[in-house]
2 protein chains.
Amino acid sequence: MNAEAIKKSLQDGGLRCTPQRYAVMAFLMEHTSHPTAAEIFKAVNRSDPRCSRATTYNNLRDLVQAGLVREVAVEGRAARFDANDMPHHHFICDRCGKVEDLDWYDVPRPASGVLGKRVLRECEIIFRGLCARCAPRHASR
Amino acid sequence: MNAEAIKKSLQDGGLRCTPQRYAVMAFLMEHTSHPTAAEIFKAVNRSDPRCSRATTYNNLRDLVQAGLVREVAVEGRAARFDANDMPHHHFICDRCGKVEDLDWYDVPRPASGVLGKRVLRECEIIFRGLCARCAPRHASR
DNA sequence: TACAAATTTTAGACTAAGTCCAATATTATA
DNA sequence: TATAATATTGGACTTAGTCTAAAATTTGTA
Ligand SMILES: [Mn+2]
Ligand SMILES: [Mn+2]
Ligand SMILES: [Zn+2]
Ligand SMILES: [Zn+2]
């Protein structure tokens, strides 16, 4: 929404503010539906044809690396992207693959010792099942 | 391990026991490293060249649908497969993509109401960070 | 403002992962 | 053993994503 805020967060992430990168970030902030790279490219490129496919992918990679965008892998489907910087969990629909946000709540850590030499960065809960749109259709079959 | 047990679990899942399907399932039961489809194909095909690439993929799909095998999506990498039927969580390494099992413990469900019309099937925790092999390398850079 | 260095963009070739097809073979059942 | 249902196959195809190297843009410094 706020152009200056986006500009600043790009710079904080060590990224230059180019029109293409800005457009990708702005699109993600305005669309909380966890779009795929292909969807982002189509939409951004339509409103400003300066942003190519390669650039869309490059920028998504950079934004994820900078920690400004989250990538969500879904079995058998294209990755989805998320600029929601509030901590939150995800619900993934078994049927249509839709990814939805669920409010954050703290995840109990594993008992001490079981992680061994691993370094833990984050714990997230993935909820799976049928989304509100798919649940009724399922019941009727 | 037990041939009869595998045979039975295939039948329980409504799947015929073919040599190829059996080999894929047996391989997954003997290898708890969450191999990719390509790894499974290579190994199974090497020990018994009757199993083609298409068949490996077909069988993995069937086994997942039947609930005998779990598919684990990892951002930017090929899917991994898992025949461990004990409930458990996963640790995914940010650096090398390795997927490791962590003992199950119960996940607190979201507060009633927040799921709305969604139908919840499962909750799993994904732990992310650096695996025991990658953690030291990371520290030294 | 002018310049140079560093970074970014680009089209399109390329790769990797996975799906689909329709002919053939195998399996389970009677 | 005969039959119907299911599974297998090689290879073409699709989809998602990466790579390349030349051209363009951004940003810091003079
Ligand atoms: Mn989200
Ligand atoms: Mn596992
Ligand atoms: Zn759905
Ligand atoms: Zn690792």
Side-chain angles (χ1 to χ4, degrees), chain A residues 3 6-8 10-25 27 34-66 68-69 71-81 97 99, chain B residues 3-4 6-27 34-45 47-66 68-69 71-81 97 99:
Chain A
I6 295 181
K7 216 163 180 171
K8 179 153 189 322
L10 290 178
Q11 280 164 354
D12 289 353
L15 299 171
R16 289 183 177 175
C17 183
T18 66
Q20 294 88 341
R21 186 170 287 155
Y22 178 94
V24 168
M25 188 67 193
F27 181 85
H34 307 88
T36 63
E39 287 164 353
I40 297 164
F41 165 60
K42 235 192 265 179
V44 168
N45 180 268
R46 182 165 42 226
S47 78
D48 177 351
R50 274 180 304 176
C51 191
S52 74
R53 210 172 75 96
T55 296
T56 306
Y57 276 95
N58 288 344
N59 280 326
L60 286 169
R61 196 221 311 102
D62 297 343
L63 291 167
V64 168
Q65 277 196 6
L68 299 173
V69 164
E71 180 173 354
V72 184
V74 184
E75 313 70 40
R77 306 191 184 249
R80 293 169 167 277
F81 297 88
V99 175
Chain B
E4 281 312 309
I6 295 181
K7 217 163 180 173
K8 178 151 190 325
S9 66
L10 290 178
Q11 282 165 352
D12 290 354
L15 300 171
R16 288 185 177 175
C17 184
T18 67
Q20 293 88 341
R21 187 170 285 156
Y22 178 94
V24 168
M25 189 66 193
F27 181 85
H34 306 90
T36 63
E39 288 164 352
I40 297 164
F41 166 60
K42 235 191 263 177
V44 168
N45 181 267
S47 78
D48 178 351
R50 274 179 305 174
C51 190
S52 74
R53 211 172 74 93
T55 296
T56 305
Y57 276 95
N58 287 344
N59 280 325
L60 286 169
R61 195 220 311 103
D62 296 343
L63 291 167
V64 168
Q65 278 198 5
L68 299 173
V69 163
E71 179 172 355
V72 184
V74 184
E75 311 71 40
R77 307 190 183 251
R80 292 169 167 278
F81 296 88
V99 175

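The chains referred to below are lettered A, B, ... by the order of the sequence lines, with proteins before strands, and numbering in each begins at 1.
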Measure across Met25(A) and Leu68(A) and return the closest heavy-atom pair with its distance rounded to 0.1 Å.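 Taking every non-hydrogen atom into account, CE-O, 3.9 Å.
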Of the non-hydrogen atoms in Ala37(B) and Thr56(B), which two are nearest, and what is the gap between them?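 Of all heavy-atom pairs spanning Ala37(B) and Thr56(B), the closest is O-CG2, 4.1 Å.
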Assign a letter to each nucleotide of nucleotides 17-26 of chain D from its 5' end: B, base within under 4.0 Å of a protein heavy atom; S, sugar-phosphate only; -, no contact. BBB------B
Please tabulate, one pair per line, all N/O donor-acceptor pairs under 3.5 Å involving side-chain atoms of residues 38-47 of chain A, not counting sequence neighbours.
from     : atom 1 : to       : atom 2 : distance (Å)
Glu39(A) : OE1    : Thr36(A) : N      : 2.9
Asn45(A) : ND2    : Cys51(A) : O      : 2.8
Ser47(A) : OG     : Val44(A) : O      : 3.4

Ignoring hydrogens and angles, tell me if any N or O in the side chain of Arg21(B) forms a donor-acceptor pair with the backbone of Arg16(B) under 3.5 Å.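 Yes, because the side chain of Arg21(B) sits within donor-acceptor range (under 3.5 Å) of the backbone of Arg16(B).
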Check: His34(B) side chain, Arg80(B) main-chain N or O, donor-acceptor pair, under 3.5 Å: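 No; zero donor-acceptor contacts below 3.5 Å.
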Can you measure [X] atom [atom1] to [N] atom [atom2] for me and round it to whole angstrom units?
X	N	atom1	atom2	value
Phe41(A)	dG12(C)	CZ	P	12 Å
Gln11(A)	dT27(D)	CD	P	7 Å
Gln65(B)	dT19(C)	CD	P	11 Å
Leu15(B)	dA5(D)	CG	P	18 Å
Asn59(B)	dG18(C)	CG	C1'	15 Å
Tyr22(A)	dT8(C)	OH	P	18 Å
Lys42(B)	dA16(C)	NZ	P	11 Å
Leu63(B)	dA7(D)	CG	P	11 Å

With sequence neighbours left out, write down each residue that passes side-chain contact (heavy atoms from CB on, under 4.5 Å) with Glu71(B), or none if nothing qualifies.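 Testing Glu71(B) for side-chain contact (heavy atoms from CB on, under 4.5 Å), a comparison that skips the adjacent residues, returns Glu75(A), Val64(B), Ala79(B), Phe81(B).
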